Amino acid sequence: MTTRHVEIRYPATEIDRKWQKRWENDGIYRVKDDDPRPKWYELTMYPYPSGDLHVGHWYVMAPADCHARFRRMQGYNVLHPMGFDAFGLPAENAAISRGIHPHQWTMDNIANMRRQFRSMGPMYDWKRELITCLPEYYRWNQWLFLQLYKKGLAYQAEAPVVWCPSCKTVLANEQVVNGRCERCDTPVTRRALRQWFFSITSYAEELLDFSGFTDWPEKILTMQRNWIGRSQGVEIAFDISHYGLEERELRTFTTRIDTIYGVTFMVLAPEHPLVEKLTAPDQRAVVQAYVEETQRQTEIERLSTEKEKTGIPLGAYAVNQLNGERVPLYIADYVLTTYGTGAVMGVPAHDQRDYEFAKKHGLPISTVIAPPDGAGAEDGRAFTEEGTMVNSGQFDCMASPNAVEAIADLVESKGWGHRAVSYRIRDWLISRQRYWGTPIPIVYCAACGTVPVPEDDLPVLLPPNAEFKPTGKSPLATNEEFVHTTCPSCGGEAHRETDTMDTFVDSSWYMFRFASPHYDKGPFDPALVEKWLPVDQYTGGAEHAVMHLLYARFFTKALRDMGLVKFDEPFLRLFNQGIIIAGGAKMSKSRGNVINPDDYVESLGADVVRTYLMFLGPWDQGGDWTDTGINGVARWMNRIWDLFQRDTEKLPENVQNAQALAQTRRKLHQTIEKVYNDLDRFKFNTAIAALMELSNHLARAWDQGEIDAPLWGECVEKFLVMLAPLAPHNAEELWERVGHPYSVHNQPFPKWDPTLAAEEMITLVVQVNGRLRDRLEVPASISESDAKELVLASPKVRPHTQNKTVKNLVYVPGRLVNIVVD
RNA sequence: GCCGAAGUGGCGGAAUGGUAGACGCGCCGGUCUCAAAAACCGGUGGGGGCAACCUCGUGUCGGUUCGACUCCGACCUUCGGCACCA
């Protein structure tokens, strides 16, 4: 901000306020459910009300608003709503550190952010605003929870959960980044707690089906695919009946059943339920120590790939039923209880991890697949490719991919196991030991057990008083009045669930709520959801590629199966904007390069800030904010302000230069086409560049007396309509000053005439062997033979073709002729 | 390690098989001014040439093509995601 700003030559702030007020009073952007035009639902991911709107928010919201405005001008009835994702950790952490109640803090922030949003001049219909921390919203979280519970999709389980020792709360797997808490970066640990889960895994297979999308970035699909992590294999039992236990077999999952004859050991997760029973007496002490050691380890330590493969023998064995071999059993921390069966078979010859484990523990390495070229595999590595079966009994000599099927058939026919699919994705843990969230509507009764709160008793209000600072216990447990209740079933004494829901529950269905944000007979009005949904265009950051988008898709499918909605996917199209940086570096307080949009709006007006954000680079790639860069847009706004208010009386009556007039008209229609197509595809930067070209052209045409009043008027009118979605305030003000009736925002986007846009003369590029040698101005209608003749006659070409044979003439109509010579 | 995206002037970027560098920033020169700022006009990839022009040039090396920033292969660098998943 040390750079001096260009001075704005018009009363920007006044204009901003004037029109924001007028639009508000007129309700020009009010969304009507019964509007006959085709609907278009354009949704931007709603923000956390964590304080001030920073330039990152502007970068997300302003271009999205421009695109929604463009759709409106295309003739759609556009729903482009805004709300606040008001529950959750950021609000609560901030409230804790400032000693203000989360509700107060959140609502104050919302008021401030709403004011800042208005300064941007967006087309939000504030009558549709939603705030998730209010009972009118979160009671439907509770209602939806009860529906999921009824469907068996919400359940309780004790499970090792990820625990952040700093936030003193359980985290979802998705909230763990590299073994650290997403919010505070503290390495996470594990704990066993009784928690509520949503069974997203029930939909794992369907969530892999992306066929319901119209347009999603490939990158996001890949990330979701990897996150769900489907693998196909065989679940097979190894025999442990010789121990006379209740369990007669040890089950394992493998994607490589073709290597079953090469199993030389098995490894169980330290938490595996059979570990206790199978451990030999003389191994008990060391096994127990290892199990404890594992529990102490943080996720980050345990999952480090650099770590040596530790493990402890149980002093027990299992029998491979295919060849009758006894294989020793180990426990090791690299085997996870949460994936497959919690036990893996060790095939050191054909799995690199097993190979390292075998080397470390002196276990035999038995080759059962030979490389196809017969070359030796060994030299310190496992052979993990396909090949020819060896040492595999009846399957010898078979190609290993065929053996996969043959062995699976045998395993199934013998009843030793079956084909199976495993997913990496785990059920969604929604319980939070936090105050600032939706209370889970469950009551525990000594007589009746777990009892859902009756729908008529909703909402279960979040009490204003509780010790919400983290203590390790759920804050709501400190409020006696809240906890003690009567059982809805038997009327006896009971206590409430004191955990609250993950905030991602709120955002999993908010897109439905916007269809009827104040509906009080259900989470949404079914007729209006049917009208508005699914979302036609969703925009937001790629950081929500996995959790939010997957959860919202899951909710939609669950609601569909309950008969509440009729579609499979909530978001037809998805566009991810990039990240804005400043001066080549990420914005941060320590760097001192944080851009506060309010300062710029104050001095340059909202439109310069909006337009610059869209001009500084392609939206999907993010951009670099520079204080000198914004001056360019400010200058341009100054120039068009003066240009369009020039006195048209001064223009000549009759311009004799018909060619110049046609040229200007052509430029206008070419610009309309370009801006239309660019705005359509979120290419704001090139749309603005095209408008700059047009304004430069118009200024030149005026100065050179090559334009008359009617054409000038037409150009200015269409220019302002095209400017309207980008710079709504200035476009409206100029529209009025030029003498058009209110409002520019109710104009349809201009149409271009391809005939008028077509060039009469073209530059014919002349190449010799692909190298540029000449450019010829020729009529666009030139015939191929004329063009070729002209080109060969060019004096600039001749020196390059002399004494050479012309082998070929490549003709690209309207573009070039390439002369191919020896 | 695996998956994905991206590498173009001094800078942000434009051009997705056909004139590389649109548009803007910055810089240089000029007009105006006592002067500066602003504004306006002109110039601005490198090398050579008085000039017309020539030549090199889109991370590196190869390939396809009449023609490649663009398509294909390998590599290098940067960024993002996932990471002992059996």
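Here is how names work: the chains are called A, B, and so on, in the same order as the sequence lines, proteins then strands, and each is numbered from 1. Since this is a predicted model, take the numbers as computed values, not measurements.
The residue A:Asn685 sits close only to the backbone: its heavy atoms come under 4.0 Å of sugar-phosphate atoms, none of a base. Counting any heavy atom pair closer than 4.0 Å across all strands shown, A:Arg639 reaches sugar-phosphate atoms only and no base atom. Heavy atoms of A:Thr255 sit under 4.0 angstrom from primed sugar atoms or phosphate atoms, though from no base atom. Across all strands, A:Glu693 comes closer than 4.0 Å only to sugar-phosphate atoms, never to a base (heavy-atom distances). As judged by a 4.0 angstrom heavy-atom cut-off over every strand, A:Arg700 is placed among residues making no nucleic acid contact. A:Lys683 comes within 4.0 angstrom of the backbone, heavy atoms only, and of no base. Within 4.0 Å (heavy atoms only), A:Asp354 reaches no atom of the nucleic acid at all. Note on A:Lys807: nothing from the nucleic acid sits closer than 4.0 angstrom, heavy atoms only. Residue-level contact check: A:Arg773 touches the backbone only, with heavy atoms under 4.0 Å from sugar-phosphate atoms and none from bases. Nucleic acid contact class of A:Asn818 (heavy atoms, under 4.0 Å, all strands): base. In this structure, A:Val810 reaches the bases: a heavy-atom distance under 4.0 Å links it to at least one base atom across the strands shown. Residue A:Arg424 is in base contact, counting any heavy-atom pair closer than 4.0 Å across all strands shown. In this structure, A:Leu616 reaches the sugar-phosphate backbone alone: every heavy-atom distance under 4.0 Å involves primed, P, OP1 or OP2 atoms, never a base. At the heavy-atom level, A:Phe615 lies under 4.0 Å from base atoms of the strands shown.
Note: A:His544 and A:His548 have perpendicular aromatic rings, judged against thresholds of 30 and 60 degrees for the angle between ring planes. In this structure, A:Phe682 and A:Phe684 have perpendicular ring planes: the angle between them is above 60°, well past the 30° mark.
Between A:Asn226 atom CG and B:A83 atom P the separation is 10 Å, expressed in whole Å. At whole-Å resolution of the value, CD in A:Glu784 and P in B:C66 are 17 Å apart. Rounding to whole angstrom units, CZ of residue A:Phe682 and P of B:G13 are separated by 20 Å.
In this structure B:G9 sits in the syn conformation; its chi angle is within 90° of 0.
Between the side chains of A:Thr763 and A:Glu777, a donor-acceptor pair is found at a separation under 3.5 Å. In the model, A:Asn320 has no side-chain atom that pairs as donor or acceptor with a side-chain atom of A:Tyr261 under 3.5 Å. A:Asp333 and A:Thr294 share no donor-acceptor pair across their side chains, judged by distance under 3.5 Å alone.
For B:A20, there is no paired nucleotide, since no Watson-Crick or G-U wobble pair has both relevant distances below 3.5 Å. When both distances must be under 3.5 Å, the Watson-Crick or G-U wobble mate of B:A6 is B:U77.
The side chain of A:Thr222 places no N or O atom within less than 4.0 Å of a non-bridging phosphate oxygen (OP1 or OP2) of B:G81.
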